[in-house]
Amino acid sequence: MSADTGRPVDRNFPTEDEYQVLLGKRTRRGTTAKFGFLFLLSLAVLGLAVLLMTIINDSFGLVAVVNQQEPEEIVASLGYDPGEVTLESLSKEDLVTVLAGGISNGVGRRLEREQRFFEDRLAFETQDKWDEVCASDEPPAGCSGGARSQGDVLLLVKERIVQPDIIASYGFFNSILGGNAFKDDIAGIFENTPERWPDYTFDEVRFQWRAWLNMTFVTTPSSSIPELAGIRTAILGSAWLVLFTVLFAVPVGVGAAIYLEEFAKKNRINDFIQTNINNLAGVPSIIYGMLGLAVFVRLLEPLTQGRTVISAGLTLGLLTLPVVIISSQEAIRAVPNSLRQGGMALGATKWQTVRSHVLPVAVPGILTGTILAVARAIGETAPLILVGAAGFITVDPTGPFSQFTALPIQIFQWASFPQKEWQNIAAAASLALLIMLLLLNAVAVILRNRYSRRMT
Amino acid sequence: MSTRRSHDPGMKQQLKGRRRPLEGSIVVTLFVMGAISIAITLGILWELGKESLLFFGEDEVSLWSFLTSTNWSPQSGTAGSFGIWPLILGTVYITVIALIVAVPIGLASAVYLSEYASPRVRGFLKPALEVLVGIPTVVFGFFAITFMTPILRSVFGTSTVGFFNVLSAGIVVGLLIVPLISSLAEDAMAAVPASLRQAAYGVGASKLEVSLRIVFPAALSGIAAGVVVAMSRAVGETMVVTLAAGASPRNFNLGSDSIFGHILNPFQGAQTMTGYIAVTASGDLSYNSLDYNSIFAIGLTLFFMTLGLNALSRRIVKRFRQEYE
């Protein structure tokens, strides 16, 4: 064949025709592969998108709710026009009146002993009885604390009088694409399988748009009723934890990084420290939880009082430490050597040089790394399970020795309940957590940008 | 001459011999801060080891059955059975599924980002992958039970796929470690010198050939190390597996149970080592009970598994790294 073209036959080298075919093949293979790579990469991005959409989908949407008593009726019973006044805008006095009309006097007295309704008068208790109770050896919390706020009373009214029962909820995307289908579904269920909600009729069901993540959700403590539960206790718990994490991990981490980068001579001990830090960064977080359980919760119980904010904060501090060290090391390493030499040339000692020349330049980098490490610590769940974060707690943490819960723990707790409403608030709490992390990351990015501007 | 004070021998002597207690104490303080990390490691080893010894000291438990039995049923009160294999099975199975998902996606992403993507496309795709790193694992767990599990159940049928299943947990753990693999692999590929690529283009190689036959092999040590690190991360992952893979260990009997019907059935739940620790610890845990000690024995096993994987990854880098330039 190749004799026709007059070229010598060399089987190691393709002929012109063969070459063209081969080239076409290679080009096609290249294009296919390129799209193959892109396809696989977009699977990961798709995964991210679907994850975010799942959370949004469960955080907002239509709900079918049955109220024991409609808010409008309550407002009307007080003589207001339901068209103008909402339950939320009622004064505390009105809300207490509503409450008194709906609960037994015994329950009212119990609520009043927990926390009184008014500073100046009693709503349920008689003055004599109140004085007697408060003079006893163990006076209830209501005797000393301040009065409930309008919001607190409103929550009680909703919990005890309105008693909303969300019987079904619809996802965000379904709700905006075809909300009517939801009504039809519910109507169908009432028609075909009335035994599912035997206590209600279809006429009682109200369809409302509900943002599960809203201001009330963020500002109320947890509750055993998903419709009324909030994440205030969890957010405050997370904030306390972060405080102790930072108080421990940042000074120690930055100190260790300065030692390793500026003072450590190359010898076995320092090599070992460095390797050890790298190893610690790879230890699963749950192991740190076990260390925290054994050391802070159990061994140091006289100091930390067991399963408290400080135990958990320090545990997260241990977990964050290697990350803070490594990122601070990078920031310190990035400081140009000429600065150090400049300091030394002026006769400064090593520490003086580090303090006055190296650290000021490295601080933005250290800060960025620290913020990212803290963001990771906020999302950690497993170690907190070990050191005994309470799943259900409604009392805000007030100090290092408080019982606590944290946002990820709350999500874990709610996500493991099968009912749809718990899933909804788990999604809303996840969204709140993601927004918090996003803000932290934004701060880190802003710092990084300012830093790079300063260095050039 | 007198202006050059540094040549004044008296002054030099004075400065040299001067004691600097502050300087010294600062260096010591900084050293102690560095050494705290060693204390943490020792603390982990000491506590895990101590409690594990107590665990193996119990009458009901023997080290031999811990290492050989395929039955993990720690009923408190009655004599339970403590064989670690069911928990290892859960951990390894989920890790393998995660790697099957994450290795192709992660490596393809790395190749695309490092060799193909234009700066604009890269500027959009890379941050998207980085966002995945920042999402807390409990949110991934929530995603697994509210999205992945229902999808699997509607595809394969609710009678085959249990609510808790290994497949859903594995896929989501896979998604979680994709960015780890892709960023480590991309770093390794970026470190391959441009001259190698140019040489290959010079002899007429196509982009695909350069990527797969030149850059990929040259970066293989870094890529392999990244995959091993991701593996260690999957082994230690807790929240996704606790939420999605259930709380019952998959006890099995090698001779009589069918391999795919039971032992390796991806549609049923299986507790992992981390899952057991988390579930046991979230209940009321009293100190010095068998349950309490057992989580430390599992923890010790987990610690050595992840430590081994991390050490392996560093060895790979050290041993097979090709030094260029």
Side-chain angles (χ1 to χ4, degrees), chain A residues 26-27 29-30 33-34 36-38 40-41 43-45 47-48 50-51 54-55 58 252 255-256 258-260 263 273 276-277 279-280 282-287 290-291 294-295 298 318 321-322 325 349-351 375 379 381-382 385-386 408 411-412 415-416 423 426-427 430 433-434 437 441, chain B residues 20 23 26-27 29-31 33-38 40-41 43-44 47-48 51 104-105 108-109 111-112 116 125 128-129 131-132 134-143 145-147 175 178 206-208 229 232 236 238-239 243 274 277-278 281-282 287 295-296 299 302-303 306-307 310:
Chain A
R26 285 170 63 206
T27 316
R29 209 184 290 151
K34 181 182 172 181
F37 294 144
L38 189 57
L40 286 172
L41 170 57
L43 278 185
V45 179
L48 170 70
V50 172
L51 188 150
T54 306
I55 288 167
D58 282 348
V252 176
I258 294 174
Y259 173 74
L260 287 170
F263 292 96
I273 293 180
N276 184 52
I277 288 167
N279 271 333
L280 279 180
V283 171
S285 56
I286 195 164
I287 303 271
M290 303 178 79
L291 178 68
V295 175
R298 202 179 160 189
L318 295 183
L321 184 65
I325 296 179
T349 64
K350 194 122 198 202
W351 168 246
T381 323
I385 295 179
L386 267 290
I411 296 169
F412 172 57
S416 48
Q423 305 287 323
S430 301
L433 179 59
L434 290 182
L437 297 182
N441 278 286
Chain B
R20 299 181 182 277
E23 185 89 4
I26 282 173
V27 175
T29 313
L30 293 177
F31 172 75
M33 286 172 165
I36 283 182
S37 69
I38 294 181
I40 296 176
T41 310
I44 290 176
E47 285 299 338
L48 294 184
E51 302 291 342
I105 296 183
S109 307
V111 172
Y112 188 84
Y116 286 88
L125 288 177
L129 285 180
V131 168
L132 273 177
I135 295 177
T137 54
V138 68
V139 176
F140 276 97
F142 176 74
F143 173 64
I145 51 174
T146 52
F147 180 82
L175 181 63
V178 160
S206 73
K207 195 153 206 167
L208 177 67
V229 166
S232 133
T238 309
M239 297 324 293
L243 280 168
T274 52
I277 296 173
S282 62
Y287 302 142
I295 63 171
F296 285 87
L302 181 69
F303 179 72
T306 52
L307 194 71
N310 289 332

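Each chain gets a letter, A, B and so on, in the order its sequence line appears, and its residues count up from 1.
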For [X], is it the side chain, the backbone, both or neither that has a heavy atom under 4.5 Å from a heavy atom of chain B?
X: Ala375(A); value: neither
X: Leu260(A); value: neither
X: Leu434(A); value: side chain
X: Asn441(A); value: neither
X: Leu437(A); value: side chain
X: Leu280(A); value: side chain

Requested in this report: Could you pull out the closest heavy-atom pair between Ile273(A) and Ser37(B), with the gap in Å?
Outcome: CG2-OG, 4.0 Å
For [X], is it the side chain, the backbone, both, or neither that has a heavy atom closer than 4.5 Å to a heavy atom of chain A?
X: Ile40(B); answer: both
X: Thr306(B); answer: side chain
X: Tyr116(B); answer: side chain
X: Ile105(B); answer: both

Query raised in the report: Can you name the residues that form a side-chain contact (heavy atoms from CB on, under 4.5 Å) with Leu125(B), not counting sequence neighbours?
Result: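 For Leu125(B) the side-chain contact (heavy atoms from CB on, under 4.5 Å) partners, ignoring immediate neighbours, are Leu38(A), Leu41(A), Val45(A), Tyr112(B), Leu113(B), Val121(B).
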State, yes or no, whether a side-chain contact exists between [X] and [Y] at a heavy-atom distance under 4.5 Å.
X: Leu51(A); Y: Phe147(B); answer: no
X: Arg29(A); Y: Leu208(B); answer: yes
X: Ile44(B); Y: Met290(A); answer: no
X: Ser416(A); Y: Leu243(B); answer: yes
X: Tyr259(A); Y: Met33(B); answer: no

Requested in this report: Measure from the ring center of Phe31(B) to the ring center of Phe263(A) and say whether it is less than 6.0 Å.
Outcome: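 No, ring centres 6.0 Å or more apart.
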Query raised in the report: Under the side chain to side chain donor-acceptor pair (under 3.5 Å) test, which residues partner Ser232(B), sequence neighbours left out?
Result: Asn310(B)
Query raised in the report: Any sub-3.5 Å donor-acceptor pair from Glu23(B)'s side-chain atoms to Trp351(A)'s backbone N or O?
Result: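 Looks like yes, one N/O pair under 3.5 Å.
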Query raised in the report: Among Val229(B), Thr146(B), Val178(B), which residue forms the greatest number of heavy-atom pairs with chain A at distances under 4.5 Å?
Result: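 Option with the top pair count is Thr146(B).
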Query raised in the report: So does Arg298(A) pair up with Glu47(B), basic N to acidic O under 4.0 Å?
Result: no
